[in-house]
Amino acid sequence: MPSVQKQTYAQRASKHANPAAKALLETIERKKSNLCVSVDVTKQADFLRIIDVVGPYICLVKTHIDVVEDFEPSLIDRLKELSMKHDFLIFEDRKFADIGNTVALQYSSGVYRISSWSHITNAHPVPGPGIVTGLASVGQPLGRGLLLLAEMSTKGNLATGAYTAQAVEIARAHRDFVIGFIAMRRMSEDNDEDFLILTPGVGLDSKGDAMGQQYRTPREVVFESGCDVIIVGRGIYGKGGDEEVKAQAERYRKEGWAAYEERIRA
């Protein structure tokens with residue numbers, strides 16, 4: 001069997017036991033898109049409009065649902081409808097970072113009830129393996145998947161070295177629920193541990209912003225670093241009206257897919 005980086009998304013999907021990982025890989029293959037759009041806007045109308053526009057071009061939408069100022073529960077129903085309409089999964093970028101009992105409540109309860117609608121969520125491994133146990137107690141029976149934040153794309157972040165290595169060890173001990181990492185590169189070449197790598201900080205027109213974000217191209221991320229999904233936000237929807245958003249979404253989808261095809265051929 002070739003290395004994980006040389007396998008197609010479909011080949012990898014056939015081996016994944018976790019339903020969320022399997023569904024994401026199958027969606028990527030089906031839509032020929034490894035693009036995730038991060039929709040960080042504060043109004044319901046803008047949130048839904050952007051997702052409806054980019055939906056045909058993406059495999060995954062990344063949300064920060066708590067920044068929506070006019071949130072109401074019906075927003076989740078409309079988000080799920082768009083997920084079905086355009087065939088993408090939902091990733092709530094919650095970045096849980098507390099003890100197991102607390103994160104289990106944050107995941108299942110409160111205003112947002114994240115576990116009821118988000119196929120994938122993520123967590124900082126800083127509290128230790130108990131955070132995974134807590135989240136798994138809620139998400140695993142629902143077929144959800146968890147990503148650990150092993151690395152970040154911001155300048156000066158502390159998720160490096162031994163911290164990153166320990167994140168990988170925690171993931172290895174919870175393979176049934178932890179499906180991968182938020183990271184800048186592939187964590188392991190072991191074919192028996194096919195972790196998904198989702199990578200933020202992807203941009204074609206800028207190398208960074210005023211708040212420390214650093215950008216790399218889709219080719220740098222997918223071909224050179226072996227990552228699986230590119231995460232793009234303002235580079236797609238921050239440039240104009242709906243037609244321009246469509247054009248940028250297709251541009252990033254095309255670049256990400258070309259980098260993947262180059263990788264499996266190399």
Side-chain angles (χ1 to χ4, degrees), residues 18-21 23-24 36-42 47 60-69 71 73 75-76 79-80 83 89-154 157-184 187 195-201 212-213 227-229 231 233:
N18 179 280
L24 178 57
C36 169
V37 173
S38 178
V39 184
D40 300 329
V41 294
T42 60
F47 178 81
L60 187 67
V61 67
K62 183 167 81 71
T63 62
H64 284 112
I65 204 68
D66 58 352
V67 308
V68 180
E69 296 171 345
F71 175 84
L75 178 62
I76 299 303
L79 174 60
K80 290 194 291 186
S83 170
L89 273 67
I90 303 167
F91 165 26
E92 167 57 20
D93 189 5
R94 178 60 177 77
K95 296 186 178 76
F96 292 101
D98 215 317
I99 64 171
N101 183 68
T102 299
V103 297
L105 292 171
Q106 291 173 323
Y107 191 24
S108 63
S109 306
V111 175
Y112 301 116
R113 302 181 63 85
I114 294 166
S115 63
S116 70
W117 52 270
S118 183
H119 304 95
I120 297 167
T121 191
N122 58 359
H124 288 287
V126 66
I131 192 170
V132 178
T133 304
L135 292 169
S137 71
V138 174
Q140 196 169 334
L142 299 173
R144 306 310 191 193
L146 180 69
L147 302 167
L148 294 181
L149 282 106
E151 296 179 320
M152 297 184 73
S153 58
T154 48
N157 79 84
L158 305 181
T160 60
Y163 182 88
T164 298
Q166 283 206 277
V168 175
E169 291 306 311
I170 292 172
R172 285 173 173 155
H174 298 86
R175 288 291 310 280
D176 48 358
F177 185 55
V178 178
I179 63 173
F181 305 98
I182 300 295
M184 302 299 108
M187 299 282 102
F195 289 114
L196 291 163
I197 310 296
L198 283 71
T199 306
Q213 179 65 292
C227 304
D228 296 312
V229 175
I231 301 174

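- In this structure, the side chain of Gln140 does not engage the main chain of Phe177 through any donor-acceptor pair within 3.5 Å.
- In this structure, CZ on Phe47 lies 4.0 Å from CD1 on Ile65, to the nearest 0.5 angstrom.
- Listed by first then second residue, pairs satisfying side chain to side chain donor-acceptor pair (under 3.5 Å) with a partner in residues 106-135 read Asp93-Asn122, not counting sequence neighbours.
- When all heavy atoms of Leu89 and Leu24 are compared, the pair lying nearest together is CD2-N, 3.8 Å.
- For Gln166, the CD atom sits in a loose shell: 12 or fewer heavy atoms of surrounding residues, nucleotides or ligands are nearer than 6.0 Å.
- Rounding to the nearest 0.5 angstrom, the gap separating the CD1 atom in Ile76 from the OG1 atom in Thr63 is 7.0 Å.
- When every heavy atom of Pro200 is checked against every heavy atom of Ile182, the shortest pair comes out as CD-CG2, 3.8 Å.
- The distance from the CZ atom of Phe91 to the CD1 atom of Ile231 is 5.5 Å, given to the nearest 0.5 Å.
- Taking each heavy atom of Cys227 and Ala183 in turn, the nearest pair found is SG-O, 4.3 Å.
- The two residues Pro141 and Ala136 have their closest heavy-atom pair at CD-O, 3.4 Å.
- The minimum heavy-atom distance linking Ala123 with Leu135 is given by the pair CB-CD1, 3.8 Å.
- Asn157 places a side-chain N or O within donor-acceptor distance of the main-chain N or O of Met152, the cut-off being under 3.5 Å.
- When all heavy atoms of Val103 and Ile131 are compared, the closest pair comes out as CG2-O, 3.8 Å.
- Among the candidates Val168, Leu198, Asp228, Thr199, the single residue satisfying the side-chain contact (heavy atoms from CB on, under 4.5 Å) test with Phe181 is Val168.
- Looking at heavy atoms from C-beta onward, Leu148 lies in side-chain contact with Val178 at the 4.5 angstrom threshold.
- Remark: the backbone N or O of Asn18 is not paired with any side-chain donor or acceptor of Asp176 at under 3.5 angstrom.
- Between the CD1 atom in Ile120 and the CD1 atom in Ile90 there is a gap of 10.0 Å [rounded to 0.5 Å].
- Listed for the Glu151 side chain is no donor-acceptor partner under 3.5 Å among the backbone atoms of Thr164.
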